[in-house]
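I have placed the structure first, in the form of structure tokens, so that the comments after it can refer back to it.
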2 protein chains.
Amino acid sequence: MEEFVRGERSRQVLEAVILEYIRNGVPAGSRAIAKRYGLNVSPATVRNVMADLEELGLLYQPHTSAGRVPTELGLRVYIDSILKIQQLSVADRARIRQSYRGRVERMEGLLKETSRVLSSFSKQAGVVLTPRLSQTVFKRIEFVRMRSNVIMTILVSQAGTVHNTILGIEEPISQEDLDKYSRYLNDMLQDLTLLQMKERLLEEMKKEKVLFDRLVSKALELSQKALQTNIEESELYIDGRTNLLDNPEFTDVEQMRRIFAAFEEKSRIIGLLDKSLAAGGVNILIGSESEVRDMESVSLITSAYTSGDEILGTLGVIGPTRMDYSRIIPLVDYTAKLVSEMIEDVF
Amino acid sequence: MEEFVRGERSRQVLEAVILEYIRNGVPAGSRAIAKRYGLNVSPATVRNVMADLEELGLLYQPHTSAGRVPTELGLRVYIDSILKIQQLSVADRARIRQSYRGRVERMEGLLKETSRVLSSFSKQAGVVLTPRLSQTVFKRIEFVRMRSNVIMTILVSQAGTVHNTILGIEEPISQEDLDKYSRYLNDMLQDLTLLQMKERLLEEMKKEKVLFDRLVSKALELSQKALQTNIEESELYIDGRTNLLDNPEFTDVEQMRRIFAAFEEKSRIIGLLDKSLAAGGVNILIGSESEVRDMESVSLITSAYTSGDEILGTLGVIGPTRMDYSRIIPLVDYTAKLVSEMIEDVF
DNA sequence: TTCTAGCACTCGATAGGGATGAGTGCTAAT
DNA sequence: ATTAGCACTCATCCCTATCGAGTGCTAGAA
């Protein structure tokens with residue numbers, strides 16, 4: 001990106017416009033920039049530089065007599081090559097840790113609390129994508145007989161998530177038999193991911209002896225069924241949508257409506273977060289870079305959280321493109337690390 | 001309420017104002033009322049009646065030269081003594097049933113889908129309060145050893161809900177022992193509600209022989225712990241918040257902000273829905289009747305859903321006080337019955 | 001060259017001032 | 001008891017004038 005911004009002054013002006021815009025939400029004028037930000041040049045000079053930056057597509061003028069506003073490209077350049085990411089202050093870290101006190105008993109609670117933490121510290125919306133079932137490591141399976149031909153299967157992952165399904169079956173099975181099945185399966189499937197588990201089950205079912213062992217074949221059949229239901233699914237926790245309403249640029253009700261609609265249709269956002277799953281570190285999508293309808297006017301800052309080497313899910317912050325990246329990037333980064341740490345500790 | 005509205009004409013005018021207001025969202029004038037609604041009287045007469053109704057506190061005039069709008073009291077009178085609640089059409093019923101196709105496998109899914117159904121058929125926000133854990137009937141408990149001194153307890157209710165907790169323990173326990181515990185407990189606690197279960201456990205723990213039976217005492221202790229964590233808690237599903245943004249009276253961003261904030265702080269709404277748990281049939285709270293901060297400008301139409309005699313939870317619709325009660329009341333009523341029916345069938 | 005001072009110009013935002021029209025209350029006539 | 005008529009009120013819309021922040025450009029200084 002260096003090729004874009006030649007010269008120290010250009011970089012300073014770009015930064016100043018962005019900071020000013022992030023602070024006030026209104027286009028920044030040359031006078032204000034020259035006065036603050038100690039450039040020691042006249043407004044006229046700043047104007048010239050601004051004109052250059054506009055030609056490069058980094059700034060943009062809403063109308064002739066207005067100040068300048070950064071474009072998405074401008075923000076991208078700023079984030080990639082100007083912004084120095086600081087560490088979160090010790091006090092902030094402590095306050096974040098504090099928020100989790102006594103709420104990490106269950107995986108679900110931990111992740112919900114995380115979305116709350118992200119939103120309250122960023123003053124934007126916090127999002128957390130739960131681990132995909134398919135890639136969690138299997139810990140245990142249980143069958144519970146609900147009625148004569150309805151049973152519930154319960155899957156527990158090593159990370160402490162629980163997933164249950166109701167199955168209808170043709171012929172009644174006693175709870176004793178179900179217990180036998182689960183004991184058999186628990187032995188067989190230890191330490192596999194659900195995806196591996198699925199394969200393993202298919203393998204086993206092919207083996208000839210299985211055909212003659214009623215217990216085994218039945219057990220395999222049941223667990224097969226249990227896995228059929230959407231193990232690719234993730235859940236999404238969102239908190240602090242209301243914070244978005246506080247941003248002055250969203251006084252436009254119609255635009256706000258569209259963003260909120262996108263929040264309700266969670267699958268769109270899940271797809272978005274899924275994209276940044278694989279990438280390490282903090283991931284930033286500015287405005288239309290996300291390529292998700294109705295999300296053109298917001299930015300997304302995400303990071304994956306892990307357990308050991310395993311990537312579990314993504315968490316992050318959604319806010320207007322004009323949010324305070326310098327504060328929120330370290331926030332997301334730290335939170336992801338903290339969550340990873342807590343998951344490893346607890347589960 | 002009869003004492004308020006003397007005379008057929010008064011009632012007709014009140015109804016007309018309300019219908020007009022519900023339809024258009026703007027104050028209704030005397031001319032329009034006289035013209036439609038076949039009253040066969042002049043606008044001047046209507047004005048006189050309106051003046052009377054205003055004195056009674058049923059109507060209200062935003063400003064001198066505006067039409068009339070119903071007050072909360074006016075709506076209350078209308079709902080209690082004028083509105084005739086119709087049945088939902090056969091077509092609507094069919095469409096609602098249709099929405100559930102293949103999504104009632106799990107309790108959770110059923111209830112989430114219900115909030116979706118309520119919001120999409122009402123064009124307002126749909127809410128569903130899940131059954132309280134404490135009053136669900138116990139079906140089964142399982143212990144899973146996660147690490148040497150961390151175990152997970154899983155509770156399954158007869159209605160097919162699953163609840164899990166992570167427990168730290170002092171001395172390691174093997175999975176074999178845990179299995180013994182759960183077998184013992186499952187036998188003892190069959191068919192109790194969790195609340196009864198809690199009592200029963202305390203009783204058992206007092207018995208002298210328990211003190212000398214290590215297995216038993218350990219099992220009781222664990223299940224005790226598992227039940228300590230918030231069994232009074234309910235969850236809340238909300239869907240279709242965005243629909244509220246479509247209502248013209250909410251162009252006021254500030255008010256909208258407050259309502260959305262209330263949605264995020266779910267405990268407030270849970271408290272509200274809890275109130276109407278006990279009452280049978282459809283429950284209606286108009287505006288400030290709810291006595292919940294920030295919810296003064298919305299109405300709430302709810303009904304409890306049940307399984308057998310047991311009241312499980314509440315479901316309903318939240319919308320502006322000016323929503324179409326005649327459509328939504330039967331919708332909520334039917335949905336509650338349908339959900340009850342499905343729960344009984346499936347679980 | 002590079003920077004700066006000065007100046008004319010643009011254009012959004014704000015405030016004031018009719019004009020419009022929906023709707024009322026009151027009075028007098030039916 | 002009902003209605004027609006009329007004066008009156010008040011929100012809404014639209015037009016205009018003013019204001020001011022900010023620009024672009026040009027000519028002169030460093």
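The shown structure was predicted, so the numbers you read here are calculated from the model rather than taken from an experiment. In what follows, chains carry the letters A, B, and so on, assigned in the order in which the sequence lines appear, proteins first and then strands, with residues in each chain numbered from 1.
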Out of dT24(C), dC11(C), dT9(D), whichever nucleotide has its closest atom nearest the side chain of Arg47(B) = dT24(C)
Indicate, yes or no, whether a donor-acceptor pair under 3.5 Å links the base of dT10(C) to the side chain of Ser65(A).
-> yes
Is any side-chain N of the basic residue among Lys84(B) and Glu15(B) closer than 4.0 Å to the acidic one's carboxylate O?
-> no
Nearest-nucleotide wise, let me know which of Ala66(A) and Pro62(B) is further upstream toward the 5' end of DNA chain D.
-> Pro62(B)
Roughly, in whole Å, what's the span from CG in Asn48(B) to P in dA1(D)?
-> 11 Å
Nucleotide nearest Val41(B) when distance is taken to its side chain, options dG24(D), dT3(D), dA5(C) = dT3(D)
Send over the distance from Arg68(A) CZ to dA21(D) C1', rounded to a whole Å.
-> 13 Å
Could you check how far CZ of Arg9(A) sits from P of dT4(C), rounded to whole Å?
-> 7 Å
NZ/NE/NH1/NH2 to OD/OE distance under 4.0 Å, Arg68(B) and Glu20(B) | no
Spacing between Met50(B) atom CE and dG23(C) atom C1', to the nearest angstrom = 9 Å
Rounded off to whole Å, could you give me the CD1-to-C1' distance for the Ile33(B) and dA22(C) pair?
-> 14 Å
Please state how far atom CD in Glu55(B) lies from atom C1' in dT24(C), giving the value in whole angstrom units.
-> 16 Å
From dT2(D), dT4(C), dA11(D), nucleotide with atom closest to Thr45(B) side chain = dT2(D)
Listed nucleotide nearest any side-chain atom of Ser30(A), set dT3(D), dT23(D), dT10(C) = dT23(D)
Salt bridge flag under 4.0 Å for residues Glu8(B) and Arg11(B) | yes
Starting at CG of Asn40(A) and ending at C1' of dC3(C), how long is that distance when rounded to a whole Å?
-> 13 Å
Output yes when at least one side-chain N/O atom of Ser42(B) is less than 4.0 Å from OP1 or OP2 of dT2(D), else no.
-> no
Over 12 non-hydrogen atoms of neighbours within 6.0 angstrom of CZ in Arg31(A) = no
Which is it for Tyr325(A) and Tyr78(A) under the ring pair (Phe, Tyr, Trp, His ring centres under 6.0 Å) test, yes or no, and what are the steps along the way?
-> CA-CA 10 Å; Tyr325(A) 295 92; Tyr78(A) 167 70; 7.2 Å; no
Take atom CG of Asp52(B) and atom P of dG25(C), then tell me their distance rounded to the nearest Å.
-> 11 Å
base_contact_polar (dG23(C) base, Arg31(B) side chain, donor-acceptor, <3.5 Å) | no
